[in-house]
Every structure is written in structure tokens, then in C-alpha cells.
Chemist: 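To start, I am sharing the structure in question, which I have written as C-alpha cells.
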Amino acid sequence: MIRNPFHLVEFSPWPLTGSVGALFLTAGSAGWFHGYSYSLSVLGVVLILMTMVQWWRDVIREGTFQGFHTGKVSSGLRWGMILFIVSEVCFFFAFFWAYFHSSLAPTLELGSCWPPVGVSPLNPFQVPLLNTAVLLASGVTVTWSHHALMEGDRIGGLQGLVATVVLGVYFTVLQAGEYYEAPFTISDGAYGSTFFVATGFHGLHVLIGTTFLVVCLVRVYAYHFSVGHHFGFEAAAWYWHFVDVVWLFLYLSIYWWGY
């Protein structure tokens, strides 16, 4: 009898709890925006976080300890991650479209100039340039960690991951300070909206990527990865490189070109 190379997942409660959490979060947020209590939103966030932890724990167990992630399954996971990153590219493309739609041909409502009158853009050669250097350095350290794992150097992998996580946290702290000191807000017309939505969602992706790398750091420490079995780390590295590339486009278009 030929063994099925695919992993047929068992019954799991996590799709249901995740869906209920998303429902509670959406309904609770709508109510909160209309002046009602935000307790339903909090419950939704708790359910979603619980689902994420439990579901990904199951995936790690299936791939690391039960041996369910065969070559076919790993190939499917790789294609799934590639398609996910492609969807993220489309997501950010919409923000760049909105930005260039307003900046290349500013309307009368914007004063026919960009940035609009009264808006003082951030100096691209101060904190934004430092953030660019930080993210580029983090791309180097995550690549160092990846190559160390492929060569069986666990200590080098740990060192590279620790450096990457520290740089990711540092980037988030710098961006939070930049937001706090910004001379404009998200309500300052098209410029404020496109700036904070585009850079804010990128900041959210940095937080998600940092969490992804922290999980990988714990797994490297726990000997979950080997020379030929470390796709969880590869997925995190691909995601981090995507975040780096998006930031370069954000810096060049919104910070430098729009200054």
C-alpha cells in the first residue's frame, strides 16, 4: 500500500473559534464606534489570539514531532506562503496607488500642490533614514541566521535571530516616536490619511514579522529546526524581506520624493 504523501488534517475546533472571534471583533468594533461598550471587541481579540496560539501550536507539533510535513506538504506550504506574500504586495499596491493618485495631480481641494498647504512633511534624512538603515541591517542579520541554520550552525542562527528581533523592536520604537512628534495627523486631508495608513500598516507588518521571528527564535533554541527541515524559519525570513522591500518603496516615495 502506497502511503499518501499529503497530510489529511484531523478535526479541529480552531476554525470555529477563529470565526467566532472575528465576528465578535467586527460587531464589537462597530458598536464601539457608535458609542457602545468595547467589551465585545476585547472578547473577539482574546478569542483570535487564543486561536492563533493553539492552531499554530498544532501545526508545529504536526510538522516537528509527528512527521506529517512530507515533501509534498512542504511544497504546498511554500506555495501558500508565496501566494500570501503576493496578496500582501497587492494590499500595499493600493496604498501606493492612493498616494500617487493624489500627489501626481493634486486637485483644487488640495490646493493644487503636494504636500498640501499647511502640512509640514517629516525630514527624510532624520528618523526615516535611520529606520531605513535599521531595517536593511535586519535583512542582513536574518540572512546570516538563515545561512547559519542551513550549515548546521545553531549558535550562529540564534545570534542572527536575536539581532534581527532587537532591530525589529528598535524600528517599532523609532516609528512610534516619529508618530508622536509628527506635525500632522491622520485627519489632515489626503496627505495625512495616505501617510499614516501606508506607514501604519507597514508598522503592523513589522510587529507581526517580529512576533514571527520570536517564535522561530524559541524553536531554534528548542532544537526544532534541522539543516533540511526549517521551513517555518524560511517563511519568517521571506516575510521579513518583503517588509524590508516595502519600506524601501515607502521611504523613496512618501518620505523622500514627497518631501
Side-chain angles (χ1 to χ4, degrees), residues 85-145 160-214 236-259:
I85 291 176
V86 169
S87 73
E88 291 284 272
V89 170
C90 297
F91 179 74
F92 278 98
F93 180 80
F95 299 144
F96 285 108
W97 185 285
Y99 179 80
F100 285 112
H101 171 78
S102 297
S103 61
L104 291 176
T107 61
L108 288 173
E109 291 80 5
L110 296 174
S112 299
C113 64
W114 191 265
V117 175
V119 174
S120 300
L122 298 171
N123 190 333
F125 303 109
Q126 294 180 349
V127 175
L129 184 60
L130 175 58
N131 264 341
T132 303
V134 168
L135 268 193
L136 290 177
S138 71
V140 173
T141 55
V142 77
T143 303
W144 162 32
S145 180
L161 267 177
V162 169
T164 307
V165 169
V166 169
L167 290 169
V169 172
Y170 184 43
F171 176 92
T172 302
V173 171
L174 287 174
Q175 190 172 43
E178 178 185 79
Y179 279 8
Y180 181 76
E181 297 179 358
F184 55 90
T185 67
I186 194 172
S187 60
D188 284 326
Y191 186 91
S193 298
T194 53
F195 175 87
F196 281 103
V197 170
T199 60
F201 269 111
H202 177 268
L204 176 63
H205 282 69
V206 171
L207 284 173
I208 294 171
T210 303
T211 306
F212 204 168
L213 291 171
V214 168
W238 292 355
Y239 187 84
W240 196 254
H241 288 309
F242 162 75
V243 169
D244 286 352
V245 172
V246 169
W247 175 258
L248 288 178
F249 281 101
L250 283 172
Y251 177 76
L252 291 174
S253 60
I254 295 180
Y255 286 97
W256 180 71
W257 182 81
Y259 181 56

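As the structure is a prediction and not an experimental result, all values here were calculated from the model.
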Chemist: Look up atom CG in L108 and atom SG in C113, then write down how far apart they are to the nearest 0.5 Å.
Modeler: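 Result: 11.0 Å between the selected atoms.
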
Chemist: Residues in ring-ring contact (aromatic ring centres under 6.0 Å, His included) with F184, at least two apart?
Modeler: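 ring-ring contact (aromatic ring centres under 6.0 Å, His included) check on F184 returns Y191, F195, F196.
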
Chemist: Show the nearest heavy-atom pair for residues L167 and A137, with the distance to one decimal.
Modeler: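 For L167 versus A137, the nearest heavy atoms are CD1-C, 3.7 Å.
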
Chemist: Just by distance, do the side chain of Y99 and the backbone of L250 share a donor-acceptor pair under 3.5 Å?
Modeler: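 No: the side chain of Y99 does not pair with the backbone of L250.
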
Chemist: Tell me, with the steps shown, if L135 and L248 meet side chain to side chain contact (heavy atoms under 4.5 Å, CB included).
Modeler: CA-CA 9 Å; L135 268 193; L248 288 178; over 6 Å; no

Chemist: Taking the side chain as every heavy atom from C-beta outward, state whether L204 and I208 have any pair of such atoms under 4.5 Å apart.
Modeler: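 A side-chain contact exists here, since the closest heavy-atom pair is under 4.5 Å.
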
Chemist: For V166, which residues count as a side chain to side chain contact (heavy atoms under 4.5 Å, CB included) partner, sequence neighbours excluded?
Modeler: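 So V166 forms a side chain to side chain contact (heavy atoms under 4.5 Å, CB included) with V162.
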
Chemist: Return the minimal non-hydrogen interatomic distance between V142 and T164, and the atom names on each side.
Modeler: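 Answer, listing the atom of V142 first, then T164: N-OG1, 3.2 Å.
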
Chemist: Drop me the distance from Y251's OH to T199's OG1, to the nearest 0.5 angstrom.
Modeler: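 Reported value, rounded in 0.5 Å steps: 14.5 Å.
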
Chemist: I need the minimum non-hydrogen distance between P115 and P121, along with the two atoms involved.
Modeler: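 Looks like CG-CG, 3.8 Å.
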
Chemist: Going through the checks in order, is the side chain to side chain contact (heavy atoms under 4.5 Å, CB included) test met by I254 and T194?
Modeler: CA-CA 9 Å; I254 295 180; T194 53; 5.9 Å; no

Chemist: Could you pull out the closest heavy-atom pair between D244 and G139, with the gap in Å?
Modeler: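 The pair with the smallest heavy-atom distance is OD2-CA, 3.3 Å.
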
Chemist: Can you find a heavy atom in the side chain of L122 that is under 4.5 Å from one in the side chain of P183?
Modeler: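 SC-SC contact between L122 and P183 confirmed.
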
Chemist: Looking at W97, I want to see if its CH2 is surrounded by more than 12 non-hydrogen atoms of other residues, nucleotides or ligands under 6.0 Å.
Modeler: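 No.
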
Chemist: For the residue pair W114 and S102, confirm or rule out a side-chain donor-acceptor distance under 3.5 Å.
Modeler: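 There is no such pair (donor and acceptor under 3.5 Å, judged by atom type) between the side chains of W114 and S102.
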
Chemist: Rounded to the nearest 0.5 Å, what's the gap from OG on S138 to CH2 on W144? Could you check?
Modeler: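 Taking OG in S138 and CH2 in W144, the distance rounds to 13.0 Å.
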
Chemist: Excluding sequence neighbours, so at least two apart, what forms ring-ring contact (aromatic ring centres under 6.0 Å, His included) with W247?
Modeler: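 Checked W247 against ring-ring contact (aromatic ring centres under 6.0 Å, His included); matches are F171, H202, Y255.
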
Chemist: Heavy atoms only: give me the nearest P128-E178 pair and the separation to one decimal.
Modeler: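 Minimum heavy-atom contact is CG-OE2, 3.4 Å.
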
Chemist: Assess the residue pair W240 and T141 against the criterion (side chain to side chain contact (heavy atoms under 4.5 Å, CB included)); give the C-alpha distance rounded to whole Å, side-chain angles, the decisive distance to 0.1 Å, and a yes or no.
Modeler: CA-CA 11 Å; W240 196 254; T141 55; over 6 Å; no

Chemist: Considering non-hydrogen atoms only, spot the tightest contact between A236 and L213 and give its length.
Modeler: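 Distance-wise, the nearest heavy atoms are CB-CD2, 3.8 Å.
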
Chemist: Considering residues at least two apart in sequence or located in another chain, which fulfil the ring-ring contact (aromatic ring centres under 6.0 Å, His included) criterion with F249?
Modeler: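 So F249 forms no ring-ring contact (aromatic ring centres under 6.0 Å, His included) with any residue.
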
Chemist: Only counting residues at least two apart or in another chain, list the ones meeting side-chain hydrogen bond (donor to acceptor under 3.5 Å, both in side chains) with S187.
Modeler: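 Testing S187 for side-chain hydrogen bond (donor to acceptor under 3.5 Å, both in side chains), a comparison that skips the adjacent residues, returns T185.
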
Chemist: May I ask you to decide if the ring planes of F96 and F100 are parallel, tilted or perpendicular, using 30° and 60° as cut-offs?
Modeler: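 F96 and F100: parallel rings.
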
Chemist: Under the rule for side-chain hydrogen bond (donor to acceptor under 3.5 Å, both in side chains), what residues qualify as partners of E181, not counting sequence neighbours?
Modeler: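 E181 satisfies side-chain hydrogen bond (donor to acceptor under 3.5 Å, both in side chains) with no residue once adjacent residues are dropped.
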
